[in-house]
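Hydrogens, waters and symmetry mates play no part in the numbers below; they use all other heavy atoms, side chains included. Proteins get letters first, then strands, A, B, ... in listed order; numbering begins at 1 in each.
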Amino acid sequence: MSPSSTPYFLTTPIYYVNDSPHIGHAYTSLACDVIARFLRSEGSEVMFLTGTDEHGQKVEKSAKQHNLDPQKFVDEVSKRFRKLSELMDFSNDDFIRTTEARHIKSCQALWKRISDGKTPNGQDSNIYLGKYDGWYSVRDEAFYDESELIKDTKNPSNYLAPTGASVEWVEEPSYFFRLSAWQDKLLEFYENNPEFVAPQSRRNEVISFVKGGLRDLSISRTSFSWGIPVPDDDSHIMYVWLDALTNYITGINFPEITSDKWNKYWPASLHMVGKDILRFHAVYWPAFLMSAGIEPPQRVFAHGWWTNEGQKISKSLGNVIDPEVIVRKYGVDAVRYFLLREVPFGNDGYFSHASMVTRINKDLANDFGNLAQRVLSMISKNFEGVIPYPQKNAECNFKSFETLSLSQNLLSKVSPLIHKQAFNEALDRIWEVVREANRSIDKDEPWKLKKKNKSGMGTILWLQAETIRNLAIILKPFMPQSMDRLLDQLNIPLDERNIVNLHEDNEGDICQKYSLRPDSKLPKPVAIFPKYICEFED
RNA sequence: GGCGGGGUAGCUCAGUUGGUUAGAGCGUCGGAAUCAUAAUCCGAAGGUCCCUGGUUCAAAUCCUGGCCCCGCUACCA
C-alpha cells in the first residue's frame, strides 16, 4: 500500500475525566474513527488522536472527595475513556492525557510563544497581567454576567444567580490573552478559508460572533492549583481551555517543530467537536495559534446532539445513554451504523429503540444481510461452496452485471462524502447499490437456471458476490467486525480488504487481480446481521 | 432585541442555476415470486410544497408582508 494522498490528522476533543462516558463521546469519536479507517483504507497516512482532559477545579474537588491525590484519581477515571475506545472499536493512534509530561512541556512552550509574540499591530504583547473579576456563585462554580442576575425576592437589594444560588463579587489576578486584537485576523482567516467551519450554519454563527467584537480572555487562575503552572509565575495555573486545546499539537510532538510528525501532520486536517464547544475551537484556538506564529487547523466540524426518545439528555433527568448498555443490547456495529445513518451529520438526532430496531432489521438484516445470505447460500447449495467462474462475454446479458459496475463506481461517490463528513449521505449511496443488487437478482432469477444454464447461474452469482465484496470493503470503516466476518465468508485475504484493493484500472477480463477468486472454496454461510427480535419490554 | 437557519406525503427528510405528471426511506394497502434471515421484488393510496400579495410564458424554488419553530448572542470541562 503506498500513500496516495496527503497525510491526514484528525482529533476528537479530549474528554473531561469528571464526566462518565456517554453517547456524545462515543458519537464524536465514532465519526473520527470512520474517517480514519476510511482514509487508511484508501492508502493515506492517518493520525487519529483522542484523550482525556484531566485538570481543573472540579477534578481537584472530586479527587478530594475520593480521598485521593488528584493524579491517582485521574489515572483511575481516565481509564473509562480508554475502555470506550475498546468497546466501540475505535482505532485511535494515540491517547493523550493532559497530565502527561509531554503535554505540560507543550503547553508551557505554547504559552511562551504566545507571550513572546506581538499583536497584529506589532505594539502590544499578546499576554498581560490583569484582574479577573465578576459575580461568582460558589454553589454553581460559575461566573455570571451582571445582566443574568436576578433580584432576590426576599431581599431586593441583594442579587442571585439565575439558578437561585447566591453570588459574591470576587477578584483575582489573572493573565489575559489579547483576543480583542485578533478580530480582524480571524475574520480574514474565515474569509480565506470557507471550509474552516462546518456545517455552514455554524460558520455563520462563528463569524457573527467575532464580528460582534471580542473581549480579552482570562487565561490563568490562582484560586486552585490542579493545572499547568504558568511559565515564570507558578502562582498561576493555565486556564483550562488553553491547556485542553493544546493537546492537539502535543499529540504530534509540539514543541519539536522540526520533527517528522509535526511536519507531516500540522496543520490538523480536522477537529471534530460537539456544537457546544465550537467557539473554543473556531475562535480561541486559531487566535492562540496565530498569536504564536502557528498555522491554524484546516477544519472544525461541529456535530449535533442526540435526544433520548425525543427528550433532551441530562443527568438530572436520568436519561443518559450509556454506550456500554446500547452496545450490549444491539451490538457494536449496529450502533455504529445507526448513529451515522440515522441523521444528516451536523443535525441533532433522535435516538429511540424503535428507530434503532428498524435500522437493524430493515437496512442491515433484510437489505444487506439477506443479500449476502441469498447469494452465498446459492453458491453453497449449487456449487458445493466453490466460487463459480463468470462466463466470458456472457456476463453482460445479466442485470447483475450492471449492478457490479454500480458497485465499482460507488467509491467515487462515497469518498468525497466521507471527506466532507457527510456520513449519512455516504451510507445512502451505498444502500442504493444494496437495493439495486436485490433487484437485479430478482430480475436475473438465477434459481431458474439451475438445470438449463448452470454456467449462467454461476455467472450471476459471481457478479453478485463480487458486488458484495466491493460493498463490504467500502462499508468496513463503518462496521469493521461485521464486514470482516462477511469478507471471511468470501475468502478474501486479510491484506486485501482495503479500498485500494477494490479494482484495478486494467481493461479486459472482469476478473481482476483482487477480484473474488473463482474455484475458491467458501465456508458455510452464516447470517451476518441477525434480526433484533422485539421483546415485550421497551 | 440583533444576526443566522428552517417551515415539502402519517413520520424523518431530499429537492441542484425557477421549466414536463413534486421525490426517497419508514409506515399503510394490494399483488408477484420462492434463491434467502417469512427476507426480496412490483404496484397503489397519500401533499392548497406555512399564509399573503407580487415578478414571470412558467415558482416549493425569486421579491413584499405576516405567522410559527430552531440555533447563536463569551470565559458554564
Pick out the pairs of N or O atoms, protein on one side and nucleotides 15-17 of chain B on the other, that lie under 3.5 Å.
none

Each nucleotide N or O in nucleotides 1-10 of chain B that has a protein N or O under 3.5 Å away: list the pair and distance.
from : atom 1 : to       : atom 2 : distance (Å)
B/G4 : O2'    : A/Asn204 : ND2    : 3.3

- Item | ring-ring contact (aromatic ring centres under 6.0 Å, His included) partners for A/Tyr128, two or more places apart | A/Phe176
Heteroatom pairs (N/O) under 3.5 angstrom, protein to nucleotides 34-45 of chain B:
from  : atom 1 : to       : atom 2 : distance (Å)
B/C35 : O2     : A/Arg374 : NE     : 3.2
B/C35 : N3     : A/Arg374 : NE     : 3.4
B/C35 : N3     : A/Arg374 : NH2    : 2.5
B/C35 : N4     : A/Arg374 : NH2    : 3.0
B/A36 : OP1    : A/Lys381 : NZ     : 2.5
B/A36 : O2'    : A/Asn370 : OD1    : 2.5
B/A36 : N3     : A/Asn370 : ND2    : 3.1
B/A36 : N3     : A/Arg374 : NE     : 3.3
B/U37 : N3     : A/Phe529 : O      : 2.7
B/U37 : O4     : A/Gly369 : O      : 3.4
B/U37 : O4     : A/Ile528 : N      : 3.4
B/U37 : O4     : A/Phe529 : N      : 3.1
B/U37 : O4     : A/Phe529 : O      : 3.3
B/A39 : OP1    : A/Lys531 : NZ     : 2.7
B/A39 : O5'    : A/Lys531 : NZ     : 2.8
B/A39 : O3'    : A/Asn366 : ND2    : 3.4
B/A39 : O2'    : A/Asn366 : O      : 3.1
B/A39 : O2'    : A/Asn370 : ND2    : 2.6
B/U40 : O2'    : A/Arg374 : NH1    : 3.3
B/U40 : O2'    : A/Asp442 : OD1    : 3.1
B/U40 : O2'    : A/Asp442 : OD2    : 3.2
B/U40 : O2     : A/Asp442 : OD2    : 3.4
B/C41 : O4'    : A/Asp442 : OD2    : 2.5

- Could you say whether A/Arg341 or A/Lys275 is positioned toward the 5' end of RNA chain B, judged by the nucleotide with the nearest heavy atom to each? A/Arg341
- Item | Residues that A/Asn382 engages under side chain to side chain donor-acceptor pair (under 3.5 Å), provided they are two or more places apart | none
- Message: If the condition is side chain to side chain donor-acceptor pair (under 3.5 Å), which residues does A/Ser291 pass it with, not counting sequence neighbours?
- Response: none
- Note on the structure: Applying ring-ring contact (aromatic ring centres under 6.0 Å, His included) to A/Tyr175 and not counting sequence neighbours gives A/Trp111, A/His236
- Query: Rounded to the nearest Å, what distance is computed from the CG atom of residue A/Leu340 to the C1' atom of nucleotide B/G25?
  - Reply: 17 Å
- Message: Test of understanding: with side chain to side chain donor-acceptor pair (under 3.5 Å), list the residues that count as partners of A/Ser174, not counting sequence neighbours.
- Response: A/Ser218
- Query: Excluding sequence neighbours, so at least two apart, what forms side chain to side chain donor-acceptor pair (under 3.5 Å) with A/Ser29?
  - Reply: A/Tyr15
- Query: Looking at residues at least two apart in the chain, or sitting in another chain, which of them share a ring-ring contact (aromatic ring centres under 6.0 Å, His included) with A/Phe209?
  - Reply: none
- Message: Could you tell me how far B/U16 sits from B/U20 if I compare only their P atoms? Round to whole Å.
- Response: 13 Å
- Task: Sequence neighbours left out, what passes ring-ring contact (aromatic ring centres under 6.0 Å, His included) with A/Trp306? Give chain and number order.
- Result: A/Tyr27, A/Phe338
- Would you please name every residue forming a salt bridge (Lys or Arg N to Asp or Glu O under 4.0 Å) with A/Arg485, sequence neighbours left out? none
